[in-house]
Structures are given as structure tokens and as C-alpha cells.
There are 2 protein chains.
Amino acid sequence: MTTLRARQKNDRRKRIVAEAKTLFRRDGYDKTTIENIAEAAGVSGVTVHNYYGTKAGVLLALVIENDALLIDKLEKSLPRDANDIVELTLHFARGVMDHAIAHLDKQIWRQVIAAVTVEANSRLSKAYFQLDHQLAYVLVQRLEGMQKAGRLPVDVDVEHLGKALFHLQNARFIQFISSDDRTEDEIETRLRNDLTALLSAGGRRT
Amino acid sequence: MTTLRARQKNDRRKRIVAEAKTLFRRDGYDKTTIENIAEAAGVSGVTVHNYYGTKAGVLLALVIENDALLIDKLEKSLPRDANDIVELTLHFARGVMDHAIAHLDKQIWRQVIAAVTVEANSRLSKAYFQLDHQLAYVLVQRLEGMQKAGRLPVDVDVEHLGKALFHLQNARFIQFISSDDRTEDEIETRLRNDLTALLSAGGRRT
DNA sequence: CAAAATTTTTTATTGAATAAAATTTTTCGC
DNA sequence: GCGAAAAATTTTATTCAATAAAAAATTTTG
């Protein structure tokens, strides 16, 4: 049995997040005030604070919703028969960037990254990192597939490899959003350079 | 000829940054107010704003000062005769973490990362990224040395490799400061795992 | 239906950030 | 050196995020 109280709370949460997304997209993060969001959602400003702690908290909540979709999307779109690590990772990186830009602009993504860093121990940040982890695992799974198909040396630890690739991709993603005029192509090139350099540096296989 | 005005301005800058460092370290970032800093430095709060824009701006200014020292330190301490990439990078990472912790605590470093992300286009953030770039180049130089000494395949692009290694190290550094109880050893292990996985995944050299 | 429990709203305060006006200090030509 | 002009700081005022405590409203439960 869901009590009335629980349902109302849920409704308010939904309204707050939905209205926040609309306002953030329309007016930008800075120009949207907590009061604006509260008014649009039909609650008081303090209630927004009670629910999400900070303005960035509201932002994180909506990003987390969207990112859950990204995982599904990547799980479907990431090729299972990739020939090499580079192409796999670049495909992954494209998926992440496309998805990000489709939902929020760079200025707002910078706020997201800042928020999960400063409030790294908050409930919402942990949820965010949890999703990052799942995202990295999509990559790990594909690498396992490649290893089984003999396209990757058997002595490679695919879990470590997947996480490393994810980190690299993430670093470049942050670079992508950190400047308004850095293009996806530019970032793709850099990531490709990272990967080819690293992979070619291993050398001397027996 | 340095005018009196220029000298006074310089003095004020120095006082603000020095007092801010003392206060941030003693009371923490959040509990230190701009007014506290201003009072300690003998100026008005608005002057601090005029000089550095934001509280985070003051923090960045002092971090930039310290990071210049880090570059010198690493340039000296990073071994020129490293046998492999892994040991070189781990040494580098240690240097960065040790230096960071020696100057400010993790909570404050989180503010630094957040600040350079949100205000990615500000003067101070650009200066910060510039130092990051120089830092990465210390690594690049060592790699060049290794390549010349025949400890690295000649077809490896050391500039790309150095930047990639730096990014990876940086990602792990951010992870290091993101939780108060993550140790340097723990991070070293993770970075080692990243590197060995990536380097072993390259394979099939002719 | 009424008391108890829960939640939201109201009210108030602190501090960052920003802008404009007022004041002080330095500079520079004479 | 003096005084006007220029430059910088301080004062004053405002908006908004964040937080806390008290008050009010609503739901739950016996």
C-alpha cells in the first residue's frame, strides 16, 4: 500500500525535477533560482531545499534520471563485434557526448561535474558515481566478448582495462564540456591519440 | 620604474592570498568567509572580490602559486632512467599526491577541481590548465628520454603518450581527493592496474 | 472524529556575488 | 610642492543560496 503521503511526496519530486529541467534548459543554470523552480512546481523554496539540499542537488537528480537511459542506450548501440579497442572506445565516447548534449548544454554539465566533486560524499553524488560504474561495465562486457572471440590477448585483465578506458574517456568528456567551442570531432581525435599511443607503447609480446 | 600603486596592489594580492591560505587551512574552506580574509589582509571584502572575482578565485590563485613549485620539484625528482612507463607514471602520481596533501586537505582540493570546472574559461582556470599542461610535459620529456635510450618503441608518439598518462593519473588523483579515506596506496594500485591493463592490451608488435 | 505524527510553509539569518555611488589615494602636469 | 585628474578602494545596497527554528497545515491512526 502506497500511502497518500508517499504518493504526494513522489509527485512533488517529479514536478520539481521536471520543472527544473525545463527552466535550466530555457534560462540556464545561474538564472534559474530555487524560487523559480519551487513556484513552477507548486511548492515552497524551502521544500526544494528539503528534498534536494542544494540547487545542484536538483540538477544531479535529473541528470541521474537521464543517465539511466544512457546506459540502456549504450548497452544496445555499442557494437558486440568491434575489431579493436580503439574503435570500441571511440564509439562509447560518441554515445556519451551525444547523449549529454541532447539533454543539457555544456555550461550546465560543468555544474554537474563541479557538484559531484564538491559534494562527493552526498547521496546524489554516490548515485551518480554508481551510474558511472555501470557505464564502465558496459565497456568491460564488450571487452570480455572481444577476449573470448580471440581479439584480445588472454592475459589482459578486462575489468582493469575497461575501467582505465572509461577513465580516459571521462577525462576527455570533461575536456569536451569545459570549453563551449571544443567539438566532438576534436575530442574524438584526442582520445584516439591517447589510445593508440598507450596501446602501441606496450610492445614486446612473447 | 614600479609605481607606488603597482607595488601596493601587489602587496595586497600577496596578503590576500597568504591570509587566505592560513585561514583555509586552519578553519576550512566553507567556514572561512571573504570578510575574514579581507579583514586579515587589511582590505575590504569588495576588494577581495575585485581582485579575484570569487572565493574560489582566491583559492585558485594560491593553488597556482604552489603548483609552480610542484613542477620544479617533479622536474628534479622524476627519475631520468626509469625502466618502464608504469614505474615512471606511478612516481609522478606519488609526487602529485604528496605535494597536494602537503599543502591543502582533500576537502579543499575538491573545491579547486570544482572551481576550475565551472569557471573553466576564467583567467585563473586557464592559468591552472596551463600548469597542468606543463606538468604533463615533464612526463613527455622523460618519455622522450626513454625512447632515445631504446626503452620505448620508436613508433610511439611520446607527446600523445605523455598526455594520455597524465590524464589517467589526473583522473585517479581526482578519485583520491574525492573521498577522505582513500589512501595513496590504494590509488597507486588502481593506477598500476590501469596502466598494466592498457599496456598489455596493445599486443602484436611486428 | 480527534489526537498524534509528519510535512510543508513561514520567518529569519548568514554569506557570496554584484553593482553603483562615494570616498580616498596616487599620479602628473605645471 | 600644488592641485586637478585619474585610479583604486570602500561604502552601501540588492539578489539569491543555504540553513535553522517556529508555525501552520495535512495526513495518519486509534
Side-chain angles (χ1 to χ4, degrees), chain A residues 1-17 19-20 23-24 27-61 107-108 110-112 114-115 118-119 121-125, chain B residues 1-17 19-20 23-24 27-61 107-108 110-112 114-115 118-119 121-125:
Chain A
M1 176 207 76
T2 56
T3 69
L4 171 60
R5 213 154 241 176
R7 253 177 295 133
Q8 285 177 327
K9 204 165 227 175
N10 218 16
D11 284 354
R12 279 190 213 103
R13 276 188 195 284
K14 272 191 197 163
R15 287 205 307 273
I16 291 170
V17 169
E19 297 297 339
L23 292 173
F24 285 154
D27 304 333
Y29 183 80
D30 289 336
K31 284 185 182 160
T32 301
T33 68
I34 296 256
E35 284 299 332
N36 292 156
I37 299 170
E39 193 187 7
V43 295
S44 80
V46 174
T47 293
V48 175
H49 270 112
N50 286 340
Y51 276 38
Y52 295 106
T54 63
K55 188 162 101 170
V58 180
L59 175 58
L60 275 196
Q107 198 262 329
I108 296 182
R110 293 197 278 271
Q111 299 287 345
V112 173
V118 245
E119 303 167 29
N121 299 315
S122 72
R123 176 181 63 88
L124 287 163
S125 288
Chain B
M1 174 209 76
T2 55
T3 69
L4 171 60
R5 212 154 242 176
R7 253 177 296 133
Q8 285 177 326
K9 204 166 228 175
N10 218 14
D11 284 354
R12 279 189 213 105
R13 278 189 194 282
K14 271 191 197 162
R15 286 204 307 271
I16 291 170
V17 169
E19 297 297 341
L23 292 173
F24 285 155
D27 304 334
Y29 183 79
D30 288 335
K31 284 186 181 161
T32 301
T33 69
I34 296 255
E35 283 301 332
N36 292 157
I37 299 170
E39 194 187 6
V43 296
S44 79
V46 174
T47 293
V48 175
H49 270 111
N50 285 340
Y51 276 40
Y52 296 105
T54 63
K55 189 163 99 169
V58 180
L59 175 58
L60 275 196
Q107 198 263 327
I108 296 182
R110 295 198 278 271
Q111 300 286 344
V112 172
V118 247
E119 303 166 30
N121 299 315
S122 71
R123 175 181 64 86
L124 287 163
S125 288

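Each chain gets a letter, A, B and so on, in the order the sequences are listed, and its residues count up from 1.
At D/dA8, one or more side-chain N or O atoms of B/K9 fall inside 4.0 Å of OP1 or OP2 (strictly under the cut-off). The phosphate of D/dT9 has neither OP1 nor OP2 within less than 4.0 Å of any side-chain N or O from B/T47. For D/dT27, one of the phosphate oxygens OP1 or OP2 lies less than 4.0 angstrom from a side-chain nitrogen or oxygen of A/Q8. Between C/dT27 and B/T3, a contact under 4.0 Å exists linking OP1 or OP2 to a side-chain N or O. Under 4.0 angstrom from either OP1 or OP2 of D/dA8 there lies no side-chain N or O belonging to B/R12.
Nucleotide C/dT13 holds its P atom 18 Å from the NE2 atom of A/H49, rounded to whole Å. Rounded to whole Å, the distance from CG on B/D30 to P on D/dA18 is 11 Å. What separates CG of B/N50 from C1' of D/dT11 is a distance of 12 Å, to the nearest Å. Spacing between atom CD of B/E119 and atom C1' of C/dT18 amounts to 14 Å, rounded to whole angstrom units. To the nearest angstrom, P of D/dA18 lies 18 Å from NZ of B/K31. One atom, CG of B/N36, and another, P of C/dG15, lie 8 Å apart when rounded to the nearest Å. Between B/K55 atom NZ and C/dT18 atom C1' the separation is 17 Å, expressed in whole Å. Atom-to-atom, CD1 of B/I16 to C1' of D/dA8 comes out at 13 Å; the value is rounded to the nearest Å.
Residue-level contact check: A/Y51 touches the backbone only, with heavy atoms under 4.0 Å from sugar-phosphate atoms and none from bases. B/G53 comes within 4.0 angstrom of the backbone, heavy atoms only, and of no base.
For the atom pair OG1 of B/T32 and CD of B/E19, the computed distance is 11.5 Å after rounding to the nearest 0.5 Å.
Under the 3.5 Å distance criterion, the side-chain polar atoms of B/Y29 are matched with a main-chain donor or acceptor of B/A56.
Looking at B/N36 and B/T33, their side chains do bring a donor and an acceptor atom within 3.5 Å of each other.
The shortest distance between side-chain heavy atoms of A/L60 and A/Y52 does not fall below 4.5 Å.
With distances taken from any side-chain atom of B/T33 to the nucleotides D/dT10, C/dT10, C/dG15, the minimum falls on C/dG15. The side chain of B/S44 lies closest to D/dT11, out of D/dT11, C/dA16, D/dC16.
No more than 12 heavy-atom neighbours from other residues, nucleotides or ligands sit within 6.0 angstrom of CD on B/E39.
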